[in-house]
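A note on names: the letters A, B, ... follow the listed sequences, proteins ahead of strands, and every chain is numbered from 1.
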Number of protein chains: 2
Amino acid sequence: MNVLEKIVGSATSFSKSERKVADVILANPQITIHSSIAALAKMADVSEPTVNRFCRRLDTKGFPDFKLHLAQSLANGTPYVNRHVEEEDGPEAYTAKIFESTMAALDTARQHVDINTINRAVDVLTQAKKISFFGLGASASVAHDAQNKFFRFNVPVVCFDDIVMQRMSAINSSDGDVVVCISHTGRTKNLCDIAAIARENDATVIGITAYDSPLARECTLVLSLDVPEDTDMYMPMASRVAQLVLIDILATGFTLRRGSKFRENLKKVKDSLRGSRFEKKDFNN
Amino acid sequence: MNVLEKIVGSATSFSKSERKVADVILANPQITIHSSIAALAKMADVSEPTVNRFCRRLDTKGFPDFKLHLAQSLANGTPYVNRHVEEEDGPEAYTAKIFESTMAALDTARQHVDINTINRAVDVLTQAKKISFFGLGASASVAHDAQNKFFRFNVPVVCFDDIVMQRMSAINSSDGDVVVCISHTGRTKNLCDIAAIARENDATVIGITAYDSPLARECTLVLSLDVPEDTDMYMPMASRVAQLVLIDILATGFTLRRGSKFRENLKKVKDSLRGSRFEKKDFNN
DNA sequence: AGTTCTAATGTAATTAAATTACAACAAATC
DNA sequence: GATTTGTTGTAATTTAATTACATTAGAACT
């Protein structure tokens, strides 16, 4: 919890003089961080030790330390806020807002994601005989992306964005196979069925979906992101970015688990593209 | 520009002792902000005034002021330097690093993106008779995602991740058609060809690619993101997230341009999914 | 209402920290 | 090799923050 919030939060437990200090700080936080304890004391019309005591009450070591925390609060506060796009926004406004709310979403995702589950998912994936990525609608592109990452690892990977193929694939799965079901809401009936079928056939099912959703119930392992989606636009935006980052994390975990020798393989995959590309030097003349 | 970046940036202009100070600070920024000038001087094995001069060189009022700036830099959570995944990172470390470097990438993308071009791209897209999204490899999933967004707008949209189809589609394009080519490097030969073909057939070609790349040359409009990609993992990660956000921005711009009546259409598309989903109430009992 | 106790606040002294002025030194130039 | 310029450190000074203690205000109890 940042200091500014803490000041507001513990407002009731302040004494009269501490109140005065709090008010001055909240009114001019930016000035506060560049003031000495004497200047602030004068502004709040209290003595210097009162300011010092105020700082200590907020679990800081003293005034300088308090300023440090305050500075951090101020820096943190502004950047990543979830701002909604409004009807009258111009290109500048909506561009900024979408970038910022996406970053905000990633920030909350980072805080909510369960490292332990990620680790277990990586475990499961590294030991998989075959990995299947299933997604529908907007999540289909996430599934494709996942396939694009994991096929580089020289593991059998498939990706289906079609219920019929998914269903057939699920029925054919067996012990040692891993099925990754991707769905933001976790309420798509067909995908729930498919997860159930895969599990009945002894596959390990990893869900990249909402915690406490019907799909989550069907999964062996649930990777939940808890990203607040801006539904004003009726399109999945931030949630899908978070899903992709999660895929990146799983893929990274995978490569790290495999060790450095394996990483050379990845380079080979990348190098294989050379022929199909313009080299930088070709272009610079 | 934040202090950490500034330290890295002005690395060359430092003297020998200042270098020592910079190294110590970059290595333990968190410790630095809680140290006195004496402690830091000792760590860097220099005198106190040297540290002070170092602070002043970075346009701060002195050491305490420098610590304030440093605290703010750190607070942003965003990466400074060396947020790359290391061999020995555990799940906690690599998860944090990937989230942070992705957010950092979005932040730089936001700063570099040209609003004017975005606006023109939205113009072009709203007036398109048909929109085609082309991508190969990792960019294919971005193209799919774009299709998933734009088809909701009731405009003819196609998406191909296959050079043959792309080529045929490009040849058949005509005045009023918009082709969006997606490629991080902008050096994929086949895609450059396809962009050229589309333009020869009077289509407007929008490139989501690197500025100053062969592909960029072939495009009518270039949306450049300038995201520094961490190539350690040999996989496109941050760049692709930035591309997706850009797609979100274009889609949002599109809906805003079309006005509020149009937005009701979007809701209808979303509502159409209802039958295929578990309702929240169904699940809660 | 008066007394006593406790908590809150301020004053003054102390300590710690940062900055300045200046001297010594190293490296570069003539 | 001398001189100049720039860099670094030592010691003195100044400034800021903290502590110890005294005072006051307010609450609780007689």
Side-chain angles (χ1 to χ4, degrees), chain A residues 3 6-74, chain B residues 3 6-74:
Chain A
V3 192
K6 220 181 231 168
I7 296 176
V8 178
S10 43
T12 51
S13 71
F14 288 145
S15 72
K16 208 180 346 167
S17 298
E18 284 171 338
R19 250 263 72 82
K20 286 201 263 181
V21 177
D23 289 343
V24 170
I25 292 170
L26 291 175
N28 344 301
Q30 206 61 51
I31 293 168
T32 302
I33 60 171
H34 292 114
S35 303
S36 67
I37 195 167
L40 184 62
K42 204 174 172 186
M43 276 196 272
D45 192 30
V46 296
S47 70
E48 300 181 25
T50 300
V51 175
N52 198 289
R53 280 185 283 260
F54 172 87
C55 298
R56 291 238 225 280
R57 188 175 293 273
L58 281 104
D59 301 319
T60 62
K61 273 202 77 182
F63 184 70
D65 188 47
F66 170 80
K67 286 204 291 187
L68 245 38
H69 280 95
L70 185 60
Q72 292 192 316
S73 301
L74 292 175
Chain B
V3 192
K6 221 182 231 169
I7 295 175
V8 179
S10 41
T12 51
S13 71
F14 288 145
S15 70
K16 210 184 335 169
S17 298
E18 283 170 339
R19 247 265 70 84
K20 285 201 261 181
V21 177
D23 288 343
V24 171
I25 292 170
L26 290 175
N28 345 294
Q30 206 61 50
I31 292 168
T32 302
I33 61 170
H34 292 113
S35 303
S36 67
I37 194 167
L40 184 62
K42 204 172 170 188
M43 276 195 273
D45 192 30
V46 296
S47 69
E48 301 181 24
T50 300
V51 175
N52 197 288
R53 281 186 283 259
F54 173 86
C55 298
R56 291 237 225 282
R57 188 175 294 272
L58 279 97
D59 302 318
T60 62
K61 273 201 77 183
F63 183 69
D65 188 46
F66 170 80
K67 284 204 291 187
L68 245 37
H69 280 95
L70 185 60
Q72 291 192 316
S73 301
L74 292 175

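- Atom CZ of B:F54 and atom P of C:dT19 are 14 Å apart (whole Å).
- Per the geometry, CZ belonging to A:F66 stands 17 Å off C1' belonging to D:dA16, to the nearest Å.
- At whole-Å resolution of the value, NZ in A:K67 and P in C:dA17 are 15 Å apart.
- Using cut-offs of 30° and 60° for the angle between ring planes, the B:H34 and A:H69 rings count as tilted.
- Nearest nucleotide to the side chain of B:R53, out of D:dT18, C:dA18, D:dT8: D:dT8.
- Rounded to an integer number of Å, the gap from B:K42 NZ to C:dA17 C1' is 16 Å.
- Between the CD1 atom of B:I37 and the C1' atom of C:dA16 there is a distance of 13 Å, rounded to whole Å.
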Would you check, one step at a time, whether the test side-chain contact (heavy atoms from CB on, under 4.5 Å) holds for B:F54 with B:I25?
CA-CA 11 Å; B:F54 173 86; B:I25 292 170; 3.5 Å; yes

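- For the side-chain contact (heavy atoms from CB on, under 4.5 Å) with A:V21, the lone residue among A:V51, A:D45, A:N52, A:T32 that qualifies is A:V51.
- Atom NZ of A:K20 is separated from atom CE of A:M43 by 14.0 Å, given to the nearest 0.5 angstrom.
- Of the candidates C:dA18, D:dG9, D:dA17, D:dA17 carries the atom nearest the A:S36 side chain, counting heavy atoms from C-beta on.
- For C:dA18, the OP1/OP2 oxygens have no side-chain nitrogen or oxygen of B:N52 closer than 4.0 Å.
- Following rounding to the nearest Å, A:L40 (CG) and D:dT18 (C1') show an atom-to-atom distance of 15 Å.
- Looking at the side chain of B:V46, the nearest of the listed nucleotides D:dA16, D:dT18, D:dG9 is D:dG9.
- Distance alone, capped at 3.5 Å, is enough to place a donor-acceptor pair between the B:K67 side chain and the B:S35 backbone.
- A:E48 has its CD atom 18 Å from the P atom of C:dA16, to the nearest Å.
- When the side-chain nitrogen and oxygen atoms of B:T50 are compared with OP1 and OP2 of D:dT7, none of them lie within a distance under 4.0 Å.
- The separation between B:D65 atom CG and C:dT19 atom C1' is 14 Å, rounded to whole Å.
- Remark: B:S47 is not in phosphate contact with D:dT8, judged by side-chain N or O atoms under 4.0 Å from OP1 or OP2.
- Minimum atom distance to the side chain of B:P49 is reached by D:dT10, of the listed C:dT9, D:dT10, C:dA18.
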